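First comes the structure, then the notes that go with it.
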Amino acid sequence: MLKYLPCRVYGAVLCLVCMIWSTLPATANESLAYTQNHDRLTPVAKDSPVIRFAPLPMASLEQVTLEYLPFIDFLEKETGYNFELAWHENYEALIESIASGQVDMAYLGPLPYVAVTQKSQHIIPVVQLLDSKGRSDYTCAIVHFADSGASLNPNQHYDVALTQPLSTCGYLATEDYLQRQGMSLEDNTFSYDYTGSHERVALDVILGKYQFGGMKTQIARRYHHLGLRIIDETQPVPGFVLVANSSTLAPEFIEQVRDAMLRLAPQDNKAHQKMMQSWSRNLRYGAKPVADSAYDAIRQQWYQLKINLLGAAK
């Protein structure tokens, strides 16, 4: 399911509308676009001249609305174009929307970026986003509970907790770790489930529902005091990326967005830091230039997988 929200609506009224709206029944093919008309939301034509931006489906509609609309408002002021926020229920729907041209810009993780570039040659990286420490890369971790063994026994069966199919630290990172041990998630030795989030992986492993899990290292370390331990850590993987669809956006517009993002310096500029404080944590720390080749290592791991993660991402 895909829903659109305009960027010019804020505050408690919007939160209430979003919470009510997100509970309404919808068909799988539903696609809604809304714009503000005084104190109510009014449908507009799907071919309205607006730029449609979509973040990863990592939160509810109301949470995405609160976290990303301030960023979209910034892009409107910088470019002079109207924007809509497109919300998707899952990775598969997001990737299909980008590849088909229903979405013009998106915020993607390394693996979703590689996946969408396999479906469309028109998706290009605009900038790579930084974290709170000014880094653009991160690592994934294989975790277990403190009182369970860290060694793998091929004669024993293991239940493995993963995030989402197209999460870089989910199936991809876990399978890479196992292949280095001469094993695979597709072996009879393993059963795996997608829990939906990194936090859920951590908690389910701690509670003993799974013997192992794959998740982002930064998040795994938050659960150390609860007994979560890291068995293995990947090499740094390229960070999250802002992408544009060159089949729907002019090169001049893409360059305008790139310049606007690269001018921001929240690490050093107090005014920028204050303005970006209301943005999603995924966006508020600035950006750096990026090339498609930065994701070649992820692309190579993608080619070596034994299953089609796109088919599992629904």
Side-chain angles (χ1 to χ4, degrees), residues 1-9 17-18 21-22 24-36 41-65 67-69 71-73 75-76 79 81-127 164-167 240-254 256-258 280 282-283 292 308-314:
M1 181 172 64
L2 168 64
K3 291 183 179 179
Y4 293 111
L5 281 176
C7 81
R8 295 164 299 286
V9 191
V17 170
C18 287
W21 184 20
S22 63
L24 296 177
T27 63
N29 295 323
E30 180 185 21
S31 177
L32 300 176
Y34 287 80
T35 188
Q36 186 184 23
L41 297 178
T42 304
V44 298
K46 291 183 181 180
D47 58 355
S48 296
V50 295
I51 309 299
R52 288 170 176 167
F53 170 84
L56 282 170
M58 298 169 64
S60 64
L61 172 61
E62 54 268 27
Q63 184 176 343
V64 165
T65 300
E67 291 186 355
Y68 284 90
L69 288 185
F71 167 67
I72 297 303
D73 185 55
L75 292 181
E76 278 200 341
T79 66
Y81 282 81
N82 292 327
F83 277 74
E84 284 178 345
L85 183 62
W87 180 81
H88 298 76
E89 286 189 328
N90 54 59
Y91 283 73
E92 178 87 352
L94 172 59
I95 288 172
E96 288 298 328
S97 291
I98 301 171
S100 65
Q102 296 179 58
V103 164
D104 306 295
M105 296 185 64
Y107 164 79
L108 299 176
L111 186 55
Y113 170 70
V114 167
V116 77
T117 58
Q118 305 303 300
K119 297 179 72 68
S120 172
Q121 62 181 355
H122 300 295
I123 310 305
I124 59 175
V126 180
V127 293
Q164 295 192 48
L166 289 175
S167 169
F240 288 68
V241 62
L242 187 68
V243 304
N245 192 327
S246 63
S247 68
T248 63
L249 299 174
E252 297 79 11
F253 174 85
I254 296 173
Q256 191 176 10
V257 171
R258 180 180 289 114
S280 165
N282 301 321
L283 301 169
D292 175 77
N308 177 17
L309 290 181
L310 278 174
K314 296 180 180 179

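If you're wondering where the values come from, they're calculated on a predicted model, not measured in any experiment.
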Taking all atoms of both residues into account, what is the closest heavy-atom pair of [X] and [Y], and its distance?
X      : Y      : result
Val243 : Val126 : C-CG2, 3.8 Å
His88  : Ser97  : NE2-OG, 3.0 Å
Met105 : Phe253 : SD-CE2, 3.9 Å
Val241 : Val127 : CG2-O, 3.2 Å
Glu84  : Arg52  : OE1-NE, 3.0 Å
Ser246 : Ile254 : CA-CD1, 4.3 Å

Validation row: [X], [Y] side chains within 4.5 angstrom (heavy atoms):
X      : Y      : answer
Asp104 : Phe83  : no
Leu111 : Tyr91  : no
Leu94  : Pro112 : no
Leu85  : Phe71  : no
Ile51  : Thr79  : no

How long is the gap from [atom1] on [X] to [atom2] on [Y], to the nearest 0.5 Å?
X      : Y      : atom1 : atom2 : value
Tyr113 : Ile123 : OH    : CD1   : 9.0 Å
Gln63  : Trp87  : CD    : CH2   : 11.5 Å
Asn90  : Leu56  : CG    : CG    : 11.5 Å
Glu96  : Lys119 : CD    : NZ    : 4.0 Å
Gln164 : Leu309 : CD    : CG    : 12.0 Å
Glu67  : Asn282 : CD    : CG    : 7.0 Å

- Message: Could you go through Val257 and Tyr81, starting from their C-alpha distance and side-chain angles, then the distance that decides it, and tell me whether this counts as side-chain contact (heavy atoms from CB on, under 4.5 Å)?
- Response: CA-CA 11 Å; Val257 171; Tyr81 282 81; over 6 Å; no
- Relative to the ring of Tyr107, is the ring of Phe240 parallel (under 30°), tilted (30 to 60°) or perpendicular (over 60°)?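 Judged by the thresholds at 30° and 60°, the geometry between Phe240 and Tyr107 is parallel.
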